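For reference, the structure is listed below as C-alpha cells.
Values in this document were obtained by computation on a predicted structure and should not be read as measured data. All heavy atoms count here, side chains included; hydrogens, waters and symmetry mates do not.
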Amino acid sequence: MELLDLDDYSLTKIFSYCSIEDLLKLSDISGRFRKLCQPRTGLLISPCMRKFELDYRTIMLSKEDRHVESIFRMFGSSMESFRFSAGIGRIVDERLRTCVVYYLNWYCKSLRHLTINFVPLPKWYLTILAGPLHTLVSLDLAYCDLADDSLGEILPSRTLQLRTLAIPGNQYLTGAFLANWTDCPKLELLDLRYCPALKNDMIDQFLQEHFKKHSKRVIVVVDSGRIWSPRNKDIVPKEDRSIALRTESPELK
C-alpha cells in the first residue's frame with residue numbers, strides 16, 4: 001500500500017507528527033494534501049501548529065518573505081503561542097521584523113501567548129500589535145526598546161485578559177505607561193526587571209489603583225528578581241502579598 005492509498009484520517013494522523021516546515025512541503029504535493037495540512041479543516045491537530053517559534057537566522061539566510069507568510073497564512077489561525085527573538089545581538093532584518101508584526105495582526109486571531117525578545121519595537125509596530133492583544137493571556141516584550149508613550153497608548157485601549165506582562169530590559173521605561181492602565185482585571189504578574197529608569201511612585205500608584213478597582217493582587221518583579229514591596233503597606237493587604245512567582249507561560253497540551 002502506498003501513502004496516497006491511505007484514507008484522510010490515517011494521513012492526518014501521520015501528518016500530526018510533522019513539523020511546520022514538513023507540512024508546508026507536503027501541502028505543495030497535491031490539492032488533497034494541502035487541504036489535509038490546513039488546520040481549519042478540523043482534521044489535523046498538531047502541537048507544532050499551536051506553539052511555534054520562528055528561527056530568524058534561517059529566514060534571514062533564505063531571504064524568503066513568502067515562506068514566512070505561508071507559515072502564518074496556513075497555520076496562524078490555529079497558533080496559540082508564538083515566539084520570535086533576534087538574540088542578544090539584536091541582528092534582525094527590517095523587512096523580516098515588519099512581516100512578523102503585520103502577519104501576527106492579520107492571521108493570528110486566537111493567539112494566547114506572545115513572546116518577542118531583543119527586537120526593537122517603535123511606536124507604530126506596537127500599534128499594529130494591538131490587534132491580537134485582546135486575546136493574549138501572556139505577553140513578553142523583553143529588551144525591545146519600549147517607550148512609555150507607546151505602551152501607554154495600546155495597553156489602556158481595551159479591556160485585556162492578560163495574566164502576565166513581562167517587559168524586562170527596557171531601559172527607557174519610567175513607569176508612566178502604568179498611569180492610565182486599569183482595565184486588566186486578571187493581571188497577576190508584572191515583570192519590570194532591568195528597567196533602571198523606573199520610578200517608585202509610578203509602581204505604587206498602579207498597585208493602589210489596580211487593587212482598588214479589581215480587588216486583585218499583582219506581583220511586580222524588579223531588580224533581578226526582587227518582588228516589589230510598596231512603601232505604603234495599605235496598598236495590598238498582608239494576606240494578599242504572598243504568591244508563588246510564576247514567569248513561564250503555561251505549557252500547551
Task: Nearest non-hydrogen partners of Ile154 and Leu133, listed with the distance - done: O-CD2, 3.8 Å
Task: Thr135 (side chain) donor-acceptor with Leu111 (main chain) under 3.5 angstrom - done: yes
Open item on the list: Main chain of Asn105, side chain of Lys109: is a donor-acceptor contact present, judged purely on distance under 3.5 Å?
Closed with: yes
- [ ] Could you tell me the separation between the CZ atom of Phe33 and the OG atom of Ser27, rounded to the nearest 0.5 Å?
- [x] 10.5 Å
Open item on the list: How close do Pro132 and Cys108 get, counting heavy atoms only, and between which atoms?
Closed with: CB-O, 3.9 Å
Open item on the list: Test your reading of the model: is there a side-chain donor-acceptor pair from Ser150 to the backbone of Thr127, 3.5 Å cut-off?
Closed with: no
- [ ] Measure the spacing between CZ of Arg73 and CD1 of Ile71 and express it to the nearest 0.5 Å.
- [x] 10.5 Å
Open item on the list: Please find the pair of heavy atoms, one from Met79 and one from Phe52, that lie closest to each other, and give the distance.
Closed with: CE-CD2, 3.8 Å
- [ ] Check the pair Tyr143 / Asn117 against side chain to side chain contact (heavy atoms under 4.5 Å, CB included), numbers first and verdict last.
- [x] CA-CA 6 Å; Tyr143 296 93; Asn117 295 157; 5.9 Å; no
Task: Side-chain ion pair, Arg217 and Glu188, N-O less than 4.0 Å - done: no
Task: Inter-residue atom distance Glu80.CD - Lys51.NZ, 0.5 Å rounding - done: 11.0 Å
- [ ] Quick one: pull up CG in Leu187 and NE2 in His210 and give me the separation to the nearest 0.5 Å.
- [x] 5.0 Å
TODO: Would you kindly say whether Asn170 and Asp145 are connected by a side-chain donor-acceptor distance under 3.5 Å?
DONE: no
- [ ] Mark yes or no for whether Asp7, through its side chain, and Tyr9, through its backbone, hold a donor-acceptor pair below 3.5 Å.
- [x] yes
Open item on the list: Evaluate Arg112 against Leu136 for side chain to side chain contact (heavy atoms under 4.5 Å, CB included), listing each step before the verdict.
Closed with: CA-CA 4 Å; Arg112 292 175 56 78; Leu136 297 179; 5.6 Å; no
TODO: Determine, step by step, whether Leu162 and Leu139 satisfy the side chain to side chain contact (heavy atoms under 4.5 Å, CB included) criterion, reporting the C-alpha distance in whole Å, the side-chain angles of both residues, the deciding distance to 0.1 Å, and the verdict.
DONE: CA-CA 7 Å; Leu162 282 176; Leu139 176 61; 3.9 Å; yes
TODO: List the steps, then state whether salt bridge (charged side-chain N to carboxylate O under 4.0 Å, His left out) holds for Lys35 with Asp8.
DONE: CA-CA 10 Å; Lys35 181 179 179 181; Asp8 289 354; over 6 Å; no
Open item on the list: Using 0.5 Å steps for rounding, measure from the CG atom of Leu155 to the CG atom of Leu165.
Closed with: 6.5 Å
Task: Arg193 side chain to Ile167 backbone, donor-acceptor under 3.5 Å - done: no
Open item on the list: Using a strict threshold of under 4.0 Å (side-chain N to carboxylate O), is an ion pair present between Arg83 and Asp140?
Closed with: no
Task: Separation between CG of Leu129 and CG of Leu114, rounded to the nearest 0.5 Å - done: 6.5 Å
TODO: Keeping the roles fixed (side chain from Asp183, backbone from Pro156), state whether a donor-acceptor pair exists under 3.5 Å.
DONE: no
Open item on the list: Using ring centroids (six-membered ring only for Trp), state whether Phe75 and Tyr107 fall under 6.0 Å.
Closed with: no
Task: Joint hydrophobic cluster, Trp124 plus Val119, side-chain heavy atoms closer than 4.5 Å - done: yes
Open item on the list: Checking the side chain of Asp148 only, and the main-chain atoms of Phe177 only, is there a donor and an acceptor separated by less than 3.5 Å?
Closed with: yes
Open item on the list: Determine whether a donor-acceptor pair (N or O, by modelled atom type, separation under 3.5 Å) exists between the side chain of Asp191 and the backbone of Pro168.
Closed with: no
Open item on the list: Quick check: Phe82 with Phe72 (ring centres under 6.0 Å apart)?
Closed with: yes
Task: Within-4.5 Å side-chain heavy-atom neighbours: Glu69 and Tyr103 - done: yes
Task: Donor-acceptor under 3.5 Å (His214 side chain, Thr182 main chain) - done: yes
Open item on the list: Would you say Val222 ends up clustered with Met202 if hydrophobic residues are merged whenever their side chains have heavy atoms under 4.5 Å apart, either directly or through other cluster members?
Closed with: no
Open item on the list: For Asn180, I'd like to know if atom CG has over 12 heavy atoms of other residues, nucleotides or ligands within 6.0 Å.
Closed with: no
Open item on the list: Between Thr98 and Tyr125, is the side chain to side chain contact (heavy atoms under 4.5 Å, CB included) condition met? List the steps.
Closed with: CA-CA 8 Å; Thr98 302; Tyr125 281 105; 2.9 Å; yes
Open item on the list: I'd like to know whether NZ of Lys213 has more than 12 heavy-atom contacts from other residues, nucleotides or ligands below 6.0 angstrom.
Closed with: yes
Open item on the list: Please say yes or no: joined through hydrophobic side-chain contacts below 4.5 Å, possibly via intermediate residues, are Tyr172 and Leu151 part of one cluster?
Closed with: no
